[in-house]
**Student:** 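Sharing a structure, written as structure tokens. Questions coming.
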Amino acid sequence: MDLTGAGSTLLTRDNFLVVELDRFQGPLDLLLHLIHEQDVDIFHIPIARITDQFLAAIQVLRSDQLEGAGEFLEMAATLIRIKAQMLLPRQEGEEDQDPRAELVHRLLEYEQIREISNCLKTAEAERGRRFAKGWVPTRPRPEISDTPLETTWEDVWEVALQVALPDPADRRHTLPALSVSMEDKVSLIVTSLAEKVRVEFSRLLCGFEDKTHAVMTLLAGLELSRRHEIFLRQVTPFSELWLYRRREDDEGPPTGGREPVPEEPEIPRGTRRRPPWMPPEEDEPADPLAVLDVDSDDQGADTMGWETE
Amino acid sequence: MNITQIVEAVLFASDAPLKAEEIARADGSLDEDIVEKAIRTLQAQYGDSERSFQVVELAEGFQILTRAEFDPYLERFDTIPRPSRLSGPGLETLAIIAYRQPIGRIEIEYVRGVACGGVIRTLQDRALVDVVARGEGVGRPLLYGTTQRFLDHFGFRSIDDLPRAEELPVVLRERIPLGAEAGDRLTSEPDHG
Amino acid sequence: MNITQIVEAVLFASDAPLKAEEIARADGSLDEDIVEKAIRTLQAQYGDSERSFQVVELAEGFQILTRAEFDPYLERFDTIPRPSRLSGPGLETLAIIAYRQPIGRIEIEYVRGVACGGVIRTLQDRALVDVVARGEGVGRPLLYGTTQRFLDHFGFRSIDDLPRAEELPVVLRERIPLGAEAGDRLTSEPDHG
């Protein structure tokens with residue numbers, strides 16, 4: 001369709017009509033505007049004039065490449081078609097159908113929709129003046145467990161299928177200083193005492209540089225003593241602290257007169273079994289259980305430290 | 001602890017309108033009638049004690065809302081959530097859907113004369129409209145209708161609260177089949193002139 | 001429209017606790033003292049008329065909240081509390097506990113390869129798992145298992161109902177001692193010899 005020719009001439013002739021297309025929501029909106037501007041009876045639209053004005057108005061569309069230009073062009077085509085039909089002589093016997101009928105119908109309907117839109121706008125504004133209680137917890141301190149859980153069993157199941165033991169090769173071998181656990185030390189003492197009757201505290205610290213190990217070992221010793229699994233003995237202040245295995249039939253520590261005889265502690269160094277939890281002298285990975293991947297997704301603060309109760 | 005208090009607690013704690021039968025679920029001693037009676041009691045109590053809020057019938061349910069005249073005092077609080085207003089195209093599209101539901105996109109676009117896919121999606125995102133059925137025609141088009149949220153957003157009790165059909169001109173009351181290719185059919189409709 | 005009503009409207013509509021000086025912003029006629037007086041008036045009115053809500057002073061300010069004794073009636077309304085989902089780590093930890101209970105934290109961490117204290121606490125907060133026993137071994141570790149709420153939520157009658165265990169990965173299916181290669185400290189009583 002050639003809009004350029006018709007449009008440019010009409011624009012000069014009807015340039016009293018300045019139309020900002022951005023203001024319009026579409027071709028029907030623009031048409032209604034043109035009709036109302038000129039106080040035209042919607043049922044008797046002067047189709048030739050309105051068509052010319054419409055074409056002139058959408059000139060800007062072509063240059064601006066506005067989104068929705070096609071809709072305006074489509075309407076332009078419809079108007080041109082109606083204009084042409086209006087010029088044709090009515091044939092005898094044919095239903096007296098005004099070519100404008102559909103357009104009028106659409107315009108009326110659209111106008112109605114706009115009226116309803118305005119009603120909605122008013123209702124929206126009125127409703128907007130009233131407020132529901134802002135969402136607040138219904139109680140001062142709601143338990144997290146009070147909130148509904150949307151997780152389904154399927155969610156759990158899917159993850160369950162993925163659970164696999166991590167490949168030991170993938171594990172990062174960082175041993176944070178804080179990961180000294182009393183469990184480890186209890187285990188160290190118990191294992192050491194599995195082979196012998198008693199063990200020196202200092203020997204339990206062999207290979208552990210950090211002071212934390214000493215503290216935890218002492219605590220483990222006290223704990224085992226409390227549980228009557230071992231007893232502790234130190235002859236004089238600052239002398240070696242001995243940890244003794246306690247058998248079921250044991251009554252208590254050896255009596256004062258029978259101090260530990262020196263022959264006990266000696267063990268062939270080379271044959272001492274390295275407990276599995278004890279870091280070996282070499283740089284090979286230590287006990288995987290003591291290995292903590294601190295960079296992982298979990299809250300890193302909770303390390304494998306001493307389980308508090 | 002009496003029934004009115006229980007109903008009040010439930011209404012108070014909810015962040016959306018609740019139907020009487022939903023409220024009744026709070027306790028075995030309640031049913032729909034009892035709840036509605038309790039709500040009338042609350043409405044009277046709030047009125048008598050000049051509370052700044054009321055129990056309002058809304059979106060086929062009940063909700064406690066502040067009275068409109070306090071709006072000016074609430075304006076400056078950013079802790080008070082305000083729903084955003086709809087745009088012109090949004091309102092137009094919603095008007096068409098509200099009056100002609102269930103309705104497909106093509107018909108909406110015919111009435112508005114412009115493409116509406118984006119607007120409909122926005123309205124769906126805001127839960128004001130939703131797909132309510134599929135059409136019979138080619139491709140079984142999606143048909144849209146309004147939601148409870150729509151009623152809530154505009155403060156309507158039900159869809160009957162919309163301006164009544166009698167108040168509308170002839171054209172809208174007639175459910176003429178509309179569509180992209182309905183132009184021919186339309187011109188053969190009885191003359192509206 | 002009086003000051004007490006204005007303060008009430010602001011308190012009601014806000015979705016966060018407000019301090020007296022914040023509430024005072026609603027109107028030029030208000031200051032902190034006036035607001036606090038109004039709040040005391042409201043507290044008295046709500047008390048006298050036996051409202052099911054009250055104005056509560058929290059660390060962050062004032063809020064209108066339902067009284068705690070109505071909690072049981074509010075539990076079944078899904079419009080009230082915000083639903084939430086478990087995270088990926090939460091799901092995995094829950095799966096491990098469900099299929100291998102009772103299980104200690106060290107073992108869970110062994111399977112997951114990461115620290116799990118926080119996740120376990122979250123699951124405990126949600127009442128999906130809890131401490132069900134103490135281990136026999138050294139340090140008497142806490143052992144976790146699933147709760148009645150877990151069964152209710154996922155719709156199982158008992159732990160034995162957990163479905164399709166035969167499809168599970170070996171680590172969850174078989175009661176092999178976890179961390180066996182690391183020594184027997186986790187699963188067997190140390191030999192006191």
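Quick note: numbers below take in every heavy atom, side chains included, and nothing from hydrogens, waters or symmetry partners. Sequence lines set the chain letters: A, B, ... in the order given, protein chains first and strands last, and positions in each chain run from 1.
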**Student:** Which pair of heavy atoms, one from B:Val111 and one from A:Leu28, lies closest together, and at what distance?
**Tutor:**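 So the minimum-distance heavy-atom pair works out to O-CD1, 3.1 Å.
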**Student:** Are A:Lys121 and B:Leu86 packed together at the side-chain level, in the sense that at least one heavy-atom pair is separated by less than 4.5 angstrom?
**Tutor:**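 No; the side chains remain at least 4.5 Å from each other.
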**Student:** Return yes if some donor-acceptor pair links the side-chain N/O of B:Gln63 with the main-chain N/O of A:Ala132 below 3.5 Å, else return no.
**Tutor:**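 Flag not set: sc B:Gln63 to bb A:Ala132 has no pair under 3.5 Å.
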**Student:** So which part of B:Gln54 gets closer than 4.5 Å to some heavy atom of chain A, the side chain, the backbone, both or neither?
**Tutor:**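 It is the side chain, since no backbone atom gets that close.
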**Student:** Would you mind reporting whether B:Tyr110 and A:Arg106 have side-chain heavy atoms less than 4.5 Å apart?
**Tutor:**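 Result yes, sub-4.5 Å side-chain heavy-atom pair found.
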**Student:** Do the side-chain N and O atoms of A:Tyr110 and B:Glu92 include a donor-acceptor pair separated by under 3.5 angstrom?
**Tutor:**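 Yes, side-chain donor-acceptor contact under 3.5 Å.
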**Student:** At their closest point, which heavy atom of B:Ala68 faces which heavy atom of A:Glu126, and how far apart are they?
**Tutor:**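 Scanning both residues completely, I find the closest heavy atoms to be CB-OE2, 3.9 Å.
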**Student:** Checking heavy atoms, do the side chain of B:Ser87, its backbone, both or neither come under 4.5 Å from chain A?
**Tutor:**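 Neither part; nothing is under 4.5 Å.
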**Student:** Look only at the side chain of A:Arg130 and the backbone of B:Thr66, and say whether a donor-acceptor pair between them is shorter than 3.5 Å.
**Tutor:**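 Looks like yes, one N/O pair under 3.5 Å.
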**Student:** Any salt bridge linking B:Arg112 with A:Asp29? Criterion: basic side-chain nitrogen under 4.0 Å from a carboxylate oxygen.
**Tutor:**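 No salt bridge links B:Arg112 with A:Asp29.
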**Student:** Does A:His36, at its NE2 atom, have more than 12 non-hydrogen atoms belonging to other residues, nucleotides or ligands within less than 6.0 Å?
**Tutor:**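 Buried by this count: over 12 neighbours within 6.0 Å.
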**Student:** Given side chains that start at C-beta, do those of A:Phe131 and B:Asp71 come closer than 4.5 Å, heavy atoms only?
**Tutor:**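 Side-chain contact under 4.5 Å: yes.
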**Student:** Do A:Glu124 and B:Phe154 make a side-chain contact, defined as non-hydrogen atoms from C-beta onward lying under 4.5 Å apart?
**Tutor:**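 In short, these two side chains touch, coming nearer than 4.5 Å.
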**Student:** Could you grab the distance from atom CG of B:Leu91 to atom CD of A:Gln25, nearest 0.5 Å is fine?
**Tutor:**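 Answer for the CG-CD pair, B:Leu91 versus A:Gln25, is 9.0 Å.
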**Student:** Is the count of non-hydrogen atoms from other residues, nucleotides or ligands lying under 6.0 Å from B:Arg126 atom CZ greater than 12?
**Tutor:**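 Atom CZ in B:Arg126 is packed in, count exceeds 12.
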**Student:** Begin from the C-alpha positions of B:Leu162 and A:Leu120 and carry the test side-chain contact (heavy atoms from CB on, under 4.5 Å) through to its verdict.
**Tutor:** CA-CA 8 Å; B:Leu162 287 164; A:Leu120 289 181; 3.9 Å; yes
**Student:** Do you know the tightest heavy-atom contact between A:Ser117 and B:Ala95?
**Tutor:**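 Distance-wise, the nearest heavy atoms are OG-CB, 4.0 Å.
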**Student:** Counting only heavy atoms closer than 4.5 Å, note whether B:Ile96 contacts chain A via side chain, backbone, both or neither.
**Tutor:**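 Its backbone and side chain both get close to chain A.
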**Student:** At a heavy-atom separation under 4.5 Å, does B:Phe70 approach chain A through its side chain, its backbone, both, or neither?
**Tutor:**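 When you check distances to chain A, no heavy atom of B:Phe70 falls under 4.5 Å.
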**Student:** Out of curiosity, A:Ile113 CD1 to B:Ile108 CD1, how far, rounded to the nearest 0.5 Å?
**Tutor:**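 If we round to the nearest 0.5 Å, A:Ile113:CD1 and B:Ile108:CD1 are 10.0 Å apart.
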**Student:** Should the heavy atoms of other residues, nucleotides or ligands under 6.0 Å from CZ of B:Arg121 be counted, would the total exceed 12?
**Tutor:**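 Counting neighbours around CZ of B:Arg121, 12 or fewer heavy atoms of other residues, nucleotides or ligands fall under 6.0 Å, so no.
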**Student:** Flag the pair A:Glu109 and B:Arg100 as a salt bridge only when some basic side-chain nitrogen lies within less than 4.0 angstrom of an acidic carboxylate oxygen.
**Tutor:**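 Salt bridge flag = yes for B:Arg100 with A:Glu109.
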**Student:** For B:Asp152, is it the side chain, the backbone, both or neither that has a heavy atom under 4.5 Å from a heavy atom of chain A?
**Tutor:**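 Both backbone and side chain of B:Asp152 come within 4.5 Å of chain A.
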**Student:** Is there a side-chain contact between B:Val114 and A:Phe72 (heavy atoms, below 4.5 Å)?
**Tutor:**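 B:Val114 vs A:Phe72: side chains apart.
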